[in-house]
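Notes to accompany the following structure.
In what follows, chains are A, B, ... by sequence order, proteins preceding strands, each numbered from 1.
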Number of protein chains: 2
Amino acid sequence: MSESVAPHARASEPTSRGAATARRISAAAVDLVIEHGYDATTVDMICAAAGVSQRTFFNHFPTKEASVIGVDGPRLDESRVRSFIAGTSPSILGDAIELIAQSVLAAAPDIDGMRRRMQAITSSPTLMQRQIDQFAVIERELAEIVQYRLARVSSPDEPEGDLQAQSRLTAHLLAGVMRYVAGAVMAGDRAAAGDAIIETRRQLAALLPKLAGG
Amino acid sequence: MSESVAPHARASEPTSRGAATARRISAAAVDLVIEHGYDATTVDMICAAAGVSQRTFFNHFPTKEASVIGVDGPRLDESRVRSFIAGTSPSILGDAIELIAQSVLAAAPDIDGMRRRMQAITSSPTLMQRQIDQFAVIERELAEIVQYRLARVSSPDEPEGDLQAQSRLTAHLLAGVMRYVAGAVMAGDRAAAGDAIIETRRQLAALLPKLAGG
DNA sequence: ACAAGAATTACAGTAACTGCACTTTTCTAT
DNA sequence: ATAGAAAAGTGCAGTTACTGTAATTCTTGT
């Protein structure tokens, strides 16, 4: 049936038959979106390119968008979370940015594939928006983690409700920062994502005292 | 044809014929979404309730979503922007929150209608997401405004590029804060939106020094 | 080899949205 | 007041994303 199922990029997992076609579909989607743009790419086109029926497409991906950006957003790395909570650096926000960035990077086994996907995503505001939304999913998780760390630098008589509110607030703040980073990277302000993150930490360090009113 | 076009709530503008039907459609949409939920409400249902053809519906609203949340997001009030820039309060973030909140409130002539719309929006995660996206539109505008204010509390030898980056960052941060406020209001943590804003300012004042690393 | 189960498929249908050509209503100039 | 222009509304046909159902083709353990 299928002539070949991509002879390259077979690094770690055996990946069941189903997952293989999912990757084939996703790859086709990314390619077509890069070539024609998101709106001009129909599901039928993707199916034809992947050698698959439309119904199979929707068995693997809930939406056309998902076939390009992926089904699941990034997850926070368990061990990195632990060291974040235990961290003593004065910049909680900076540490959190690092935590997120490292987790995302760690979850990307295929660098080249990720680069292409990024390229496809930047071609459409819709996709960029969804990508950002995906990041927001870890917000709740993040709020919980920040609360532990925040408790250590707070005065003991501060009510727990405040601490919880501040943690949630921090998580939303972080989402804003990540959004800024994403924007900076996509706008090409910085060559690599790593540079953008370092730069953002620097700006943040200079900015926060002003906002807080030093 | 239409039995009556809502005999109440005719306060200020004459509002051309076209705008009137747009309001009729939107009102029908909000009502139906509150009753059946967003997904279970079809465009055809809205059209029937508004006494309008489907084609007319899409002449007034680009999407089904727009008929519920509105076409345009909030705009910043001109005079309030001026006094924000001229402000001397130590909390820039706090002032900015106030600016946004007041602008949004000022743009809502019909309190009861807004309340109903809010109720409809909260019934669906999709709609909530779109509502938040709408807020993001003023981000660019906000970044420009913040830059003027930020320039006054920065050292004169700080490069302008940094100032610009920090302004943009602040705008994204603010988007995060507004998102938090929206979430708090919708979750019913606070009775009124005004309370939520005041409370958020308080939490922010306590939080920022910790994040900055005092 | 064969039965159980997963993967894929065709088919038919719903719902959002668009372009086009047409009718009706409203506004404006005389 | 009335004609003519402009705006608002409509019907229809078509595209595209997405879903349910039931039949069909692999894949795999024994």
### Gap between atoms CG and C1', on B/Asp44 and D/dC12 respectively (whole Å)
14 Å
### Query
To the nearest angstrom, how far is B/Asp39 atom CG from D/dC18 atom C1'?
12 Å
### Message
Taking side chain to side chain donor-acceptor pair (under 3.5 Å) as the definition, give me every residue that meets it alongside B/Thr63, ordered by chain and number, with sequence neighbours left out.
### Response
none
### Query
Taking atom types as they are modelled, is there a donor-acceptor pair under 3.5 Å from the base of C/dG19 to the side chain of B/Arg55?
yes
### Query
If you find the nucleotide of DNA chain C closest to B/Val43 and the one closest to A/Asn59, which residue's nucleotide is nearer the 5' end?
A/Asn59
### Query
Does D/dA8 have OP1 or OP2 sitting under 4.0 Å from an N or O in the side chain of B/His60?
no
### Query
Reckon B/Ser67 touches a base, only the sugar-phosphate, or nothing at all at heavy-atom distances under 4.0 Å?
nothing
### Query
Should we say atom CE of B/Met118 is surrounded by more than 12 heavy atoms from elsewhere, each under 6.0 Å from it?
no
## Note on the structure
From CZ of B/Arg24 across to C1' of D/dA8 the rounded distance in Å is 12 Å
### Query
For the residue pair A/Ser167 and A/Ala143, what are the closest heavy atoms and their distance?
CB-O, 3.3 Å
### Message
If I take atom CD in residue A/Gln54 and atom P in nucleotide D/dT16, what distance separates them, rounded to the nearest angstrom?
### Response
10 Å
### Query
Think B/Lys64 forms a cation-pi with B/Tyr38, using NZ or CZ under 6.0 Å from the six-ring centre and within 45 degrees of its axis?
yes
### Query
Rounded to the Å, how far apart are B/Ile46 CD1 and C/dC17 C1'?
13 Å
### Task
Using a heavy-atom cut-off of under 4.0 Å over every strand shown, decide if A/Thr56 touches base, sugar-phosphate, or nothing.
base
### Message
Tell me the interatomic distance from A/Phe58, atom CZ, to C/dT9, atom P, rounded to whole angstroms.
### Response
14 Å
### Residue whose closest nucleotide on DNA chain C lies nearer the 5' end, B/Arg17 versus B/Thr41
B/Thr41
### Separation of D/dG9 P from B/Phe57 CZ (nearest whole Å)
13 Å
### Cation-pi check, A/Arg149 onto A/Phe84 ring (under 6.0 Å, within 45° of axis)
yes
### N or O in side chain of A/Thr21 less than 4.0 angstrom from C/dT8 OP1/OP2
yes
### Summary
Separation of C/dC17 atom C1' from B/Glu65 atom CD, nearest Å, is 13 Å
